Amino acid sequence: MHWKISGTIYRKNNFQLFRRLFSETKLPTLTLFTKDPCPLCDDAKEVLEPYKHRYVFQQVDITLPENKVWYDKYKYEIPVFHINGQFLMKHRVDISLLEKHLAKAEEAGQ
C-alpha cells in the first residue's frame with residue numbers, strides 16, 4: 001500500500017510516520033533528562049526504540065545553564081523520565097510502567 005502526499009510516496013512501513021503527521025490524536029511527550037556522557041541514557045534510548053511511534057520524544061541536557069533547576073534536582077539520578085511533564089521513572093526503563101502510561105494516554109486521546 002502506498003500514499004502520495006505532496007509528491008512524496010509513503011509505503012506501508014511508513015504508516016507510523018503517516019499516522020503521526022495526520023492524526024488528530026496528540027501523542028504524549030516523553031522527556032529524558034540527560035547529560036553527555038551518559039551510558040545509562042544511551043541504554044535507555046535503545047530500550048525505548050520499539051515504542052517511539054507512541055510518543056513525542058524530547059531530551060533535556062541538564063548541564064546547560066538554562067537547565068540549572070533540573071541539574072540541581074537530577075544530577076545524581078539520570079536518566080530520569082517524565083511523561084507529559086510528570087515524573088515517570090529514573091535510572092532504568094521500566095517497560096511495564098511505560099506501557100501502562102502510554103496505554104492510559106492513548107485511551108484518553110492525549
Side-chain angles (χ1 to χ4, degrees):
M1 181 180 294
H2 296 83
W3 298 275
K4 187 172 183 179
I5 303 167
S6 299
T8 304
I9 296 175
Y10 293 91
R11 290 180 176 76
K12 186 177 181 182
N13 60 349
N14 293 101
F15 178 72
Q16 296 303 332
L17 173 63
F18 182 81
R19 184 173 149 215
R20 246 187 182 173
L21 291 172
F22 298 99
S23 175
E24 292 183 25
T25 303
K26 182 180 173 202
L27 296 174
T29 299
L30 183 67
T31 304
L32 166 61
F33 294 88
T34 186
K35 67 177 184 171
D36 190 29
C38 177
L40 286 177
C41 301
D42 296 338
D43 292 345
K45 287 188 269 187
E46 285 182 33
V47 172
L48 291 170
E49 186 68 22
Y51 301 91
K52 69 181 182 181
H53 65 280
R54 296 176 65 190
Y55 57 82
V56 175
F57 185 71
Q58 71 180 44
Q59 295 185 83
V60 174
D61 183 339
I62 64 170
T63 63
L64 296 176
E66 63 267 24
N67 296 326
K68 183 181 179 340
V69 171
W70 297 117
Y71 179 81
D72 292 343
K73 188 169 185 172
Y74 293 141
K75 63 184 163 194
Y76 302 118
E77 304 294 334
I78 62 169
V80 175
F81 294 90
H82 286 194
I83 191 161
N84 291 335
Q86 299 295 312
F87 175 82
L88 179 63
M89 58 192 162
K90 64 182 179 180
H91 301 156
R92 303 253 184 235
V93 174
D94 180 336
I95 292 296
S96 62
L97 183 63
L98 177 66
E99 283 276 2
K100 177 182 168 184
H101 282 269
L102 290 175
K104 186 189 243 184
E106 290 165 354
E107 284 176 15
Q110 281 278 116

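What you see is a predicted model; the values in this text were computed from it and never measured.
- Minimum interatomic distance between Phe81 and Ala44 (heavy atoms only, all atoms of both residues): CZ-CB, 3.6 Å.
- Residues Ile78 and Thr34 approach most closely at CD1-C, 4.2 Å, considering heavy atoms.
- The hydrophobic cluster containing Met89 also contains Leu32, counting ILVMFWY residues as joined when their side-chain heavy atoms lie under 4.5 angstrom apart, directly or transitively.
- Other residues, nucleotides and ligands contribute at most 12 non-hydrogen atoms within 6.0 Å of the OH atom of Tyr71.
- For the pair Leu88/Leu98, a side-chain contact is recorded, criterion being any heavy-atom separation below 4.5 Å from C-beta on.
- Residues Phe33 and Val56 are members of separate hydrophobic clusters, defined by side-chain heavy-atom contacts under 4.5 angstrom among Ile, Leu, Val, Met, Phe, Trp and Tyr.
- The structure places CG of Leu48 at 4.0 Å from OH of Tyr55, a figure rounded to the nearest 0.5 Å.
- Here salt bridge (Lys or Arg N to Asp or Glu O under 4.0 Å) pairs that include residues 88-97, with residues two or more places apart or in two chains, are Glu77-Lys90.
- The hydrophobic cluster containing Leu64 does not contain Tyr74, counting ILVMFWY residues as joined when their side-chain heavy atoms lie under 4.5 angstrom apart, directly or transitively.
- Residue Thr31 is tested with Gln86, Gln59, His82, Gln58 for a side chain to side chain donor-acceptor pair (under 3.5 Å); the sole match is Gln58.
- Using a 4.0 Å cut-off between a side-chain N of Lys or Arg and a carboxylate O of Asp or Glu, Glu49 and Lys52 qualify as a salt bridge.
- The neighbour count for Lys100 NZ, taken as heavy atoms of other residues, nucleotides or ligands under 6.0 Å away, does not exceed 12.
- Remark: side-chain polar atoms of Asn67 are paired, donor with acceptor, to backbone N or O of Asp61 under 3.5 angstrom.
- The heavy-atom pair separating Pro28 from Arg54 by the smallest distance is CD-O, 3.4 Å.
- Counting only residues at least two apart or on different chains, no ring-ring contact (aromatic ring centres under 6.0 Å, His included) pair has a member in residues 83-102.
- The hydrophobic cluster containing Val80 does not contain Leu97, counting ILVMFWY residues as joined when their side-chain heavy atoms lie under 4.5 angstrom apart, directly or transitively.
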